[in-house]
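Written out below as structure tokens is the structure these notes cover.
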Amino acid sequence: MAHGISRRGALIAGTAILAAPLVARAQPTRLRFTLDWAFQAPNAFALLARDKGYFRDAGIDVQIDRGQGSGGVPVALAGGSYDMGYADLNPAIKFVAENPDRGIVAVAVLHDRSPLCAIVRADSAIRTPKDLEGKRLAAPDFDAGRQLFPAFAKSAGIDAAKVTFLSVSPALREPMLVRREADGVTGFVTTSALALKGIGLDHPAQRVMMYYDHGLNLYGGAILTTRAFIERNPAVVRGATAALMRGFRDTLRNGQEMLDNLRRVEPLTDVALERERHEMNVARVIMSDNVRANGLSSVDMGRLQTGIRAVEEAYNLPPRVQAAQIYTADFLPPAADRAV
């Protein structure tokens, strides 16, 4: 009897030894992921992908943190505090132009259009971008709409030297327009248009000039990483990109599911406000004719190159960045998994 037990014990022990390397190899890979801003509807797809197990399915243990603005994401990636992130592509282009050796690259573009805009009062005499000449626009110094205004001005036929910017904190930007202390504001439509509505200037009382409607055809939100991280972890980048795009498509198909999940993660979420933000983001930024026809992240490299040059000119940078430096389609899921 004792002999039988010892043989059985030896078999079990041997099996455990053989299985141990398999268990070790099956451990999920840790991924540190940063968003562009606080948890809100436009970036909640990443939380949904995490909470529905899409990262886990790809063998990834993901940590998702809020960000402090799109401009901070490439800095965090280059510095090594995060492995991948989600942010507006245009600050990343600026970062690459200024830091060509840091290897920041987008592996997916989720927003086919930029949310950048200028907003004025509908009851004002400002009806076209040209009418902004001689007027005062309120925006923080670091606002992307303000930073890229020279590129907008060039494409829309505005003499940018005739437009005065008032430097204000983000909290004061929209109130300045409501109180008529400024003639307009620049920013993201999904931020400023809703902030204006919240303080009494509803959508019909606003005149929104989307930069893309006036010749500045930039891309928007993108999934970013570094070429060094890609070289070390190509399978992780491919799996994370697929998980994020799966979550992103889910938000397009079922916005309520995303909102319910967002409220679980962030109990103070104003669901009605985030629903409106989501719907505006889908209509104005995500669902272009190109996306309907060709799916998500169907990037035209010529269009991207034109956008890169516009960003370089806006920041008085020499023409340096090539489209293939800032974007690669090599890690995208199949076209069928990007259709909307």
Side-chain angles (χ1 to χ4, degrees), residues 29 31-36 42-50 52-60 62 64 70 73-74 77 82-93 96 103-114 217-253 258 281-282 285-308 321-340:
T29 302
L31 178 72
R32 300 165 301 165
F33 191 89
T34 178
L35 296 175
D36 56 334
N43 62 29
F45 69 92
L47 301 173
L48 188 67
R50 178 195 67 187
K52 291 183 76 171
Y54 296 164
F55 286 96
R56 188 171 59 246
D57 292 347
I60 298 169
V62 69
I64 298 177
S70 282
V73 173
L77 296 176
Y82 287 94
D83 307 310
M84 297 180 69
Y86 165 77
D88 187 79
L89 182 61
N90 300 296
I93 291 171
V96 170
I104 299 296
V105 62
V107 292
V109 174
L110 301 181
H111 292 171
D112 199 52
R113 296 181 293 201
S114 166
N217 200 12
L218 302 173
Y219 288 103
I223 300 169
L224 305 172
T225 187
T226 64
R227 293 193 180 274
F229 187 75
I230 287 174
E231 288 171 10
R232 294 193 307 269
N233 304 278
V236 174
V237 173
R238 192 178 309 280
T241 302
L244 289 161
M245 297 194 80
R246 191 175 170 191
F248 192 79
R249 290 175 79 209
D250 284 355
T251 69
L252 299 179
R253 285 193 292 255
M258 174 271 292
N281 196 45
V282 171
V285 178
I286 299 171
M287 291 301 292
S288 66
D289 291 341
N290 176 48
V291 167
R292 289 188 182 91
N294 303 306
L296 298 167
S297 205
S298 296
V299 173
D300 180 291
M301 297 301 272
R303 176 189 158 193
L304 176 57
Q305 190 65 57
T306 300
I308 289 170
V321 180
Q322 296 302 308
Q325 281 178 263
I326 194 72
Y327 175 73
T328 175
D330 292 349
F331 298 89
L332 290 175
D337 294 338
R338 295 183 284 116
V340 294

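What you are looking at is a predicted structure, and each value in this text was computed from that prediction instead of being measured.
The minimum heavy-atom distance between Val105 and Gln325, with the atom names listed, is CG2-O, 3.8 Å. Taking each heavy atom of Leu77 and Gly85 in turn, the nearest pair found is CD2-N, 4.0 Å. Annotation for Pro333 and Thr241: closest pair CD-CG2, 4.3 Å, computed over non-hydrogen atoms. Counting all heavy atoms, side chain and backbone alike, Tyr86 lies closest to His111 at OH-CE1, 2.9 Å. Of all the heavy atoms in Ile64 and Val62, the pair that sits closest is CG1-CG2, 3.8 Å. Of all non-hydrogen atoms in Ile308 and Ala323, the two that sit nearest each other are CD1-CA, 3.6 Å.
Asp36 is listed as a side-chain neighbour of Asn43, based on a closest heavy-atom distance under 4.5 Å. Side-chain contact between Ile223 and Phe331 is absent, with no heavy atoms from C-beta onward closer than 4.5 Å. Asn217 is not listed as a side-chain neighbour of Thr306, based on a closest heavy-atom distance of 4.5 Å or more. The shortest side-chain heavy-atom distance between Thr328 and Val107 falls under the 4.5 Å cut-off. Residues Leu89 and Ile326 are in side-chain contact: their nearest non-hydrogen atoms beyond the backbone lie under 4.5 Å apart. Between Arg246 and Asp57 there is a side-chain heavy-atom pair separated by less than 4.5 Å. Counting heavy atoms from C-beta outward, Asp337 and Met245 have side chains that stay 4.5 Å or more apart.
Of the inter-residue distances, the one linking Asp83 atom CG with Leu31 atom CG reads 5.0 Å to the nearest 0.5 angstrom. Summarising the geometry, atom OG1 belonging to Thr226 is positioned 15.0 Å from atom OH belonging to Tyr82; distances are rounded to the nearest 0.5 Å. Separation of atoms CG (Leu48) and CG (Leu244) is listed at 11.0 Å; rounding is to 0.5 Å. Taking CG of Asn233 as the start and CZ of Arg238 as the end, the distance is 12.5 Å to the nearest 0.5 Å. Rounding to the nearest 0.5 angstrom, the gap separating the CG atom in Leu218 from the CG atom in Asp88 is 8.0 Å. The distance from the CZ atom of Phe33 to the CG atom of Leu47 is 10.0 Å, given to the nearest 0.5 Å.
With hydrogens and angles ignored, the 3.5 Å screen pairs no side-chain donor or acceptor of Arg249 with any backbone N or O of Val340.
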>> For a side-chain contact (heavy atoms from CB on, under 4.5 Å) check, start with the C-alpha distance between Leu296 and Val291, then their side-chain angles and the critical distance, and finish with the verdict.
In response: CA-CA 6 Å; Leu296 298 167; Val291 167; 4.0 Å; yes
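Listed by chain and residue number, Phe45 satisfy the ring-ring contact (aromatic ring centres under 6.0 Å, His included) test with Phe248 (two or more places apart in sequence, or in another chain). Applying the side-chain hydrogen bond (donor to acceptor under 3.5 Å, both in side chains) rule to Ser297 yields the partners Tyr327; only residues at least two apart in sequence or on another chain are considered.
Salt-bridge annotation for Asp112 and Arg303: present, with a side-chain N of the basic residue lying under 4.0 Å from a carboxylate O of the acidic one.
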